[in-house]
Amino acid sequence: MHKSLKIGMTAGTLGALVALGGLAPAQADGHVAKLSVLHGVPGLTVDVYVNDELTLDDFKPGDLAGPLDLPAGTYKVAITASDAADASAPVIGPIDLPLEAGKNYTATANLDADGKPTATLFTNDISQVAAGEGRLTVRHVAAAPAVDVLANGAAAITALTNPNESVLTLPAGTISAAVAATGTTDPVIGPADVNVAEGTNTIVYAWGSLADKNLALAVQTIDGLHSNPDSIPAGEAGLVATNQANESTGLIVGGFAVLMGLVAAAVVGMRRLSAARR
């Protein structure tokens, strides 16, 4: 089954990713992994070096780049100031990112709970979901204490801490999402409408700093996760099934424009229209 991530990127970012595709990993086995990169450190424009090659130039807070198909293996990543001449004095890293064939990853440059720049590698869930349902993954990569995630005003995820994630399976539709300190309902982020598209993993990141009052959301979507049939109509989403935390791999090394699920919804709509015409 085809699986792809729908995000926005500039021409410069796309060119940098093409360059990354030519890099050889430290340990390659000829198979493919997918990697996206999220910049979640406020106020810091950076350059990203992979295997000592400049890969993302002037990468800005909130930017999301990828996904890129890469040979499986281990890649050395260093994040530097945007005016650095090379990767010899990184502000984050260097770290090794081990990528396995057939898996989908997002690497984040973010703040830890104490506000120090760090990096985290997440493995994205690309398993199938039932017809008429979508997956919502929430990741805490902000300098903030434990939070609750509110869906339509009710706590759907509780006591989520940096750098962890939690996963919900929902009927496809739109929910009003907000982030609040654990045990409260007063949002520190949001509320914002999040479209959970059928057959899609909608991944929401809480990033930034509570103390600096610059908390924000970034959203990426991975579609193509349908089970057959993949065209059951969906309305407003209500919470169902799971509310379980998935394991995430954190790589602690010292330290995207919000893209709601509209793109994924459009893709699903076009697929349905195409199927109806056939």
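Positions are given from 1 along the sequence.
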J.: Apply the test side chain to side chain donor-acceptor pair (under 3.5 Å) to residues Glu100 and Tyr105: give CA-CA distance (whole Å), side-chain angles for both, the deciding distance (0.1 Å), then the verdict.
T.: CA-CA 9 Å; Glu100 295 183 26; Tyr105 300 90; 4.6 Å; no
J.: To the closest 0.5 Å, what do you measure between CG (Asn164) and CD1 (Ile157)?
T.: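 Going from the CG atom of Asn164 to the CD1 atom of Ile157 covers 11.5 Å.
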J.: Any heavy-atom pair between the side chains of Thr182 and Thr158 that's under 4.5 Å?
T.: no
J.: Would the distance check show the side chain of Asp47 and the main-chain N or O of Phe59 forming a donor-acceptor pair, the cut-off being under 3.5 Å?
T.: no
J.: Is Asn152 reaching over with its side chain to a backbone N or O of Ser176, donor-acceptor style, under 3.5 angstrom?
T.: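 Looks like yes, one N/O pair under 3.5 Å.
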J.: Is any side-chain heavy atom of Pro94 closer than 4.5 Å to one of Asp52?
T.: no
J.: Are Ile79 and Pro90 close enough that some pair of their side-chain heavy atoms sits under 4.5 Å apart?
T.: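 A side-chain contact under 4.5 Å is absent here.
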J.: Check for a donor-acceptor pair, side chain of His140 on one end and backbone N or O of Ser166 on the other, with a separation under 3.5 Å.
T.: no
J.: Would Leu68 and Lys34 satisfy side-chain contact (heavy atoms from CB on, under 4.5 Å), going step by step from the backbone distance to the final call?
T.: CA-CA 5 Å; Leu68 187 71; Lys34 289 183 180 292; over 6 Å; no
J.: Determine whether Val147 and Leu150 fall in the same hydrophobic cluster, where Ile, Leu, Val, Met, Phe, Trp and Tyr are linked whenever their side-chain heavy atoms lie under 4.5 Å apart.
T.: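 Hydrophobic grouping puts Val147 apart from Leu150.
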J.: Please confirm whether the backbone N or O of Ala142 pairs with a side-chain atom of Asn162, one donor and one acceptor, at under 3.5 Å?
T.: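 Pair found, side chain donor or acceptor close to backbone of Ala142.
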J.: Is the shortest heavy-atom distance from the side chain of Thr106 to the side chain of Tyr205 under 4.5 Å?
T.: yes
J.: With rounding to the nearest 0.5 Å, note down the distance linking CD1 in Ile92 to CG in Asn110.
T.: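 So the CD1 of Ile92 and the CG of Asn110 are separated by 7.5 Å.
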J.: Could you give the distance from CG (Leu97) to NZ (Lys76), rounded to the nearest 0.5 Å?
T.: 12.0 Å
J.: Considering all heavy atoms of both residues, which atom of Tyr49 and which atom of Ala87 are nearest to each other, and what is their separation?
T.: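 In this case the closest contact between Tyr49 and Ala87 is CG-CB, 3.6 Å.
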J.: If you compare all heavy atoms of Glu198 against all heavy atoms of Gly132, which two are closest, and at what distance to 0.1 Å?
T.: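 Heavy atoms only, the tightest pair is OE2-N, 3.1 Å.
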J.: Would you compute the distance between atom CD1 of Ile189 and atom CG of Asn214 and round it to the nearest 0.5 angstrom?
T.: 10.0 Å
J.: Show, in sequence, the C-alpha distance, side-chain angles and deciding distance for Val91 and Leu44, and conclude whether the side-chain contact (heavy atoms from CB on, under 4.5 Å) test is met.
T.: CA-CA 10 Å; Val91 295; Leu44 181 65; 4.2 Å; yes
J.: What pair of heavy atoms forms the shortest contact from Ile95 to Ala119, and how long is it?
T.: CD1-CB, 3.8 Å
J.: Could you tell me if Thr174 and Asp193 have a donor-acceptor pair between their side chains, going purely by distance under 3.5 Å?
T.: no
J.: Using 0.5 Å steps for rounding, measure from the CG atom of Leu160 to the CZ atom of Arg139.
T.: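 If I round to the nearest 0.5 Å, the distance is 11.0 Å.
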J.: How long is the span from the OH atom in Tyr75 to the CG atom in Asp96, to the nearest 0.5 Å?
T.: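 So the OH of Tyr75 and the CG of Asp96 are separated by 12.5 Å.
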J.: Just by distance, do the side chain of Asp223 and the backbone of Thr200 share a donor-acceptor pair under 3.5 Å?
T.: no
J.: Please name the pair of heavy atoms, one in Thr202 and one in Ala197, separated by the smallest distance, quoted to 0.1 Å.
T.: OG1-N, 4.2 Å
J.: Please report the shortest heavy-atom distance between Ser209 and Asp212, naming the atom on each side.
T.: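 Here Ser209 and Asp212 meet closest at OG-N, 3.2 Å.
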J.: Any sub-3.5 Å donor-acceptor pair from Asn201's side-chain atoms to Ile222's backbone N or O?
T.: no
J.: Are the side chains of Pro61 and Trp207 in contact, using a 4.5 Å heavy-atom criterion?
T.: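 Answer yes - side chains close enough.
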J.: Is there side-chain contact between Val219 and Val194, with at least one heavy-atom pair below 4.5 Å?
T.: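 No, too far: nothing below the 4.5 Å cut-off.
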J.: Are any side-chain N or O atoms of Asp112 and backbone N or O atoms of Asp114, one a donor and one an acceptor, separated by less than 3.5 Å?
T.: yes
J.: Go through Ile175 and Leu136 one step at a time and tell me if the side-chain contact (heavy atoms from CB on, under 4.5 Å) criterion holds.
T.: CA-CA 10 Å; Ile175 61 172; Leu136 176 64; 3.7 Å; yes
J.: Walk me through whether Ser88 and Asp86 qualify under side chain to side chain donor-acceptor pair (under 3.5 Å).
T.: CA-CA 6 Å; Ser88 60; Asp86 54 37; 2.5 Å; yes
J.: Give a yes or no answer on whether the side chain of Thr55 reaches the backbone of Glu53 with a donor-acceptor pair at less than 3.5 Å.
T.: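 Yes: the side chain of Thr55 pairs with the backbone of Glu53.
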J.: Looking just at side-chain N and O atoms, do Ser127 and Asp125 make a donor-acceptor pair shorter than 3.5 Å?
T.: yes
J.: Show the nearest heavy-atom pair for residues Val129 and Arg135, with the distance to one decimal.
T.: CG1-NH2, 3.2 Å
